[in-house]
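Here's the structure we're looking at; comments come further down.
Only a predicted model underlies this, so the values are computations on that prediction, with no experimental measurement involved.
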Amino acid sequence: MRSPEEPNGTMGQFKISWVLSVGATAAVALISVGCGQLTRQRIDPLADATSGHPAPVLWELPDPLTDNVVVSEVGQSPGDRLQEPFYLDPDNIIRLLFEKSPVIIASRERMIAARYGLEEFRANLSRAEPYVRADAIIGDFPERAGGARIESGTVTAGMRKETFDGSVYEADAGWRGTRTRYDEVAKGADDTVRGQAGTVHGRMEIPFVGSRARTDRIISAAYQESTARAAKLRYLTLFQDYAAYLLRYYRYTLRQLGSLRIYKARIEDLESLLSDTRLPEEDYQRVQNALNAEVMAMQTQHRNYRRYILIILQCLGLRPGETYFLVEEPLDRPVRFLEQARTPEGIQQMLEQAYANTPMFQVYRNTIQDAELKRTQAIIGKYDVTAAAAGSYHGYGDEDFDDRLDGGQAEFSLAVRRNDPRVQDASQSKAEAEIRQHGHLIAQQYRTIQRKIAEKAHLLVMHHEARPAALENIRQAQAEYEYRKNVYLSGDSKAFTIDDVLNAGNALRDAQGNLIVNIHTSSDCEDELFIVMGEIYRLVGLGMDELQGRPDPAREAASQ
């Protein structure tokens with residue numbers, strides 16, 4: 001207890017006045033900064049203003065048979081291939097799809113938004129916020145004895161920390177000043193009464209394992225994590241689907257290009273036959289009809305070619321006017337996965353490689369872990385147990401104004417509540433159903449990979465081994481056609497009619513078309529294996545490290 005003289009001493013008044021001055025100055029500064037933040041309304045636009053309204057320009061597609069737009073495989077680094085001119089081969093189509101396709105970029109941004117949504121959820125449940133609070137009261141009580149007018153002000157500054165598991169830590173310090181003026185007072189008494197006091201306060205609240213606050217937050221975080229992973233899964237699935245879609249149309253385009261060349265050669269041959277003076281006049285119209293049929297068929301192939309190449313350009317996000325080259329792979333190039341597909345050991349390696357490269361498995365496994373976490377929290381969350389402790393110290397002020405000066409108090413509490421078992425049972429059953437669901441999805445993904453590898457590996461080997469026979473058929477059909485045509489035009493023998501010659505030419509065209517089909521089917525199997533084995537993810541660097549993200553605080557909190 002202080003001496004009777006000290007409360008009225010100048011040192012005590014100076015200390016209190018100095019503290020109040022500093023506190024008021026800090027409060028005004030923080031309030032000014034906060035108001036400045038609140039009044040800032042301008043937000044700069046993020047998107048390009050012209051991005052949603054491109055110039056009204058259409059693609060002008062060159063003719064692949066006359067213009068220089070088809071090249072053989074070129075030796076360029078992957079980085080160079082992402083710049084104009086764009087070379088459209090299987091690997092670079094995957095890279096361009098990842099880097100330029102609007103639909104893939106939109107899905108990736110959706111995945112990023114879901115990831116930041118998870119971080120936003122975590123941040124909302126784990127806050128550290130300083131605060132300043134100022135209150136003022138003005139009262140006028142004319143009917144009170146003596147007639148009182150009261151002016152009171154309070155300034156408090158502190159920090160509130162809330163953790164992810166539901167714990168709350170709070171500490172603040174404040175000052176209170178009051179001035180009361182009376183209209184009527186006793187003789188010799190002062191008509192004004194002033195006083196000021198300060199306090200330091202702290203509070204700590206901790207929920208134990210099994211408490212509702214802690215359990216709800218961990219389960220909610222697991223659900224948020226599942227939402228973010230669902231966005232990842234949609235992104236991976238969409239990327240895989242579009243990769244398969246574009247590679248399929250790339251092969252369609254090359255198939256139409258091969259057919260165009262076959263029909264062009266056939267048309268040129270028929271035109272040569274029509275211009276040959278040895279052609280009998282009675283067969284001229286027959287040849288002309290065959291030429292017209294070939295021209296119409298070639299127009300159909302050309303229309304399909306334009307459609308397919310436009311689909312590729314549109315899906316890749318290329319703009320009209322940007323230069324591209326369609327890469328036609330050499331016939332004698334090394335075939336990926338062919339040697340592995342020939343042996344059971346190689347197919348087993350392909351399966352293991354597919355399991356290791358497919359990120360969906362890790363996403364499913366992480367989702368199962370989230371469901372296990374929710375199930376565990378539902379089982380142990382029988383009781384809501386929360387402990388709290390708080391303390392206050394009144395270290396500043398006038399002893400006559402606040403008799404708690406130099407004193408303090410401590411508070412402790414423990415709350416136990418039995419949670420509703422119906423909620424626990426429903427949460428547990430829901431989590432167990434999710435575990436079974438994603439377990440079956442993993443099994444389905446394994447079965448899909450196994451089926452596709454077994455099917456496409458067999459077809460890849462079969463069509464590759466059938467290619468020499470297709471080449472031999474072309475050689476024989478070419479020889480037979482030339483023989484019949486020469487005999488027919490020589491006029492020395494009536495062994496062959498014009499129909500025999502035309503049928504031989506059609507047989508040559510069909511044999512060449514069968515080779516195109518063989519190449520297309522074999523390459524399609526190669527692309528399917530490239531996709532199902534997860535090589536498309538590895539090609540663009542979309543592996544598990546990129547998808548893992550940051551450590552999950554829900555599991556960390558649950559493990560504690």
Salt bridge [X]-[Y], side-chain N to carboxylate O under 4.0 Å:
X: R95; Y: E99; value: no
X: E455; Y: R451; value: yes
X: R266; Y: E271; value: no
X: D527; Y: R248; value: no
X: R336; Y: D91; value: yes
X: E329; Y: R251; value: yes
X: E294; Y: K264; value: no

Judged by modelled atom types alone, do [X] and [Y] share a side-chain donor-acceptor pair under 3.5 Å?
X: Q478; Y: E482; answer: yes
X: E345; Y: Q340; answer: no
X: D283; Y: Y488; answer: yes

Just verifying a value: how many Å separate [X] [atom1] and [Y] [atom2], rounded to the nearest 0.5 Å?
X: Q444; Y: I449; atom1: CD; atom2: CD1; result: 10.5 Å
X: T253; Y: Y250; atom1: OG1; atom2: OH; result: 9.0 Å
X: Y235; Y: I105; atom1: OH; atom2: CD1; result: 9.0 Å
X: L318; Y: L310; atom1: CG; atom2: CG; result: 11.0 Å
X: I519; Y: N514; atom1: CD1; atom2: CG; result: 11.0 Å
X: L279; Y: L273; atom1: CG; atom2: CG; result: 5.0 Å

Do [X] and [Y] have side-chain heavy atoms sitting under 4.5 Å apart?
X: R108; Y: I112; result: yes
X: R342; Y: E465; result: yes
X: I442; Y: Q437; result: no
X: S523; Y: R333; result: yes
X: L88; Y: L316; result: yes
X: L539; Y: E535; result: no
X: Y305; Y: L61; result: no
X: L326; Y: L254; result: yes

If you count every heavy atom of other residues, nucleotides or ligands that lies below 6.0 Å from [X] atom [atom1], does the total exceed 12?
X: E282; atom1: CD; value: yes
X: Y242; atom1: OH; value: no
X: R261; atom1: CZ; value: yes
X: R319; atom1: CZ; value: no

Inset, instruction - Carefully, step by step, assess L233 and T237 under the rule side-chain contact (heavy atoms from CB on, under 4.5 Å). - result: CA-CA 6 Å; L233 192 60; T237 304; 4.3 Å; yes

Inset, instruction - Sequence neighbours left out, what passes side chain to side chain contact (heavy atoms under 4.5 Å, CB included) with D332? Give chain and number order. - result: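 Partners of D332 under the side chain to side chain contact (heavy atoms under 4.5 Å, CB included) test: P330.
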
For [Y] together with [X], are the ring centres under 6.0 Å from each other?
X: F86; Y: Y324; result: no
X: F361; Y: Y446; result: yes
X: H302; Y: Y263; result: no
X: F496; Y: Y483; result: yes

[X] side chain to [Y] backbone, donor-acceptor under 3.5 Å:
X: E84; Y: T323; value: yes
X: N503; Y: D499; value: yes
X: S101; Y: C315; value: yes
X: D67; Y: V69; value: no
X: S490; Y: V487; value: yes
X: D500; Y: T497; value: yes
X: T358; Y: A354; value: yes
X: S275; Y: S272; value: yes

Considering non-hydrogen atoms only, spot the tightest contact between [X] and [Y] and give its length.
X: G317; Y: P102; value: CA-CD, 3.7 Å
X: R484; Y: A504; value: CD-CB, 3.7 Å
X: L508; Y: I474; value: CD1-O, 3.8 Å
X: L260; Y: M298; value: CD2-O, 3.6 Å
X: R286; Y: I498; value: CG-CG2, 4.0 Å
X: N92; Y: Y87; value: ND2-O, 2.7 Å

Legend entry - Over-ring placement of R307 relative to Y249, 6.0 Å and 45° cut-offs: no

Inset, instruction - Dump the intermediate steps for side-chain contact (heavy atoms from CB on, under 4.5 Å) on Q476 and E480, then the final yes or no. - result: CA-CA 6 Å; Q476 293 180 2; E480 181 65 20; over 6 Å; no

Inset, instruction - Among residues two or more places apart or on two chains, list those pairs meeting salt bridge (charged side-chain N to carboxylate O under 4.0 Å, His left out) that have a residue in residues 425-439. - result: K374-E434, R375-E432

Inset, instruction - Let me see the working for V532 and K456 under side-chain contact (heavy atoms from CB on, under 4.5 Å), right down to the final yes or no. - result: CA-CA 10 Å; V532 76; K456 300 303 178 180; over 6 Å; no

Legend entry - R278: partners by salt bridge (charged side-chain N to carboxylate O under 4.0 Å, His left out), with sequence neighbours left out: D276

Inset, instruction - Show the numbers, then the answer: is there a salt bridge (charged side-chain N to carboxylate O under 4.0 Å, His left out) between E109 and R115? - result: CA-CA 10 Å; E109 293 295 341; R115 184 183 302 172; over 6 Å; no

Legend entry - side-chain contact (heavy atoms from CB on, under 4.5 Å) between Y537 and N357, intermediate numbers included: CA-CA 7 Å; Y537 301 114; N357 289 344; 5.9 Å; no

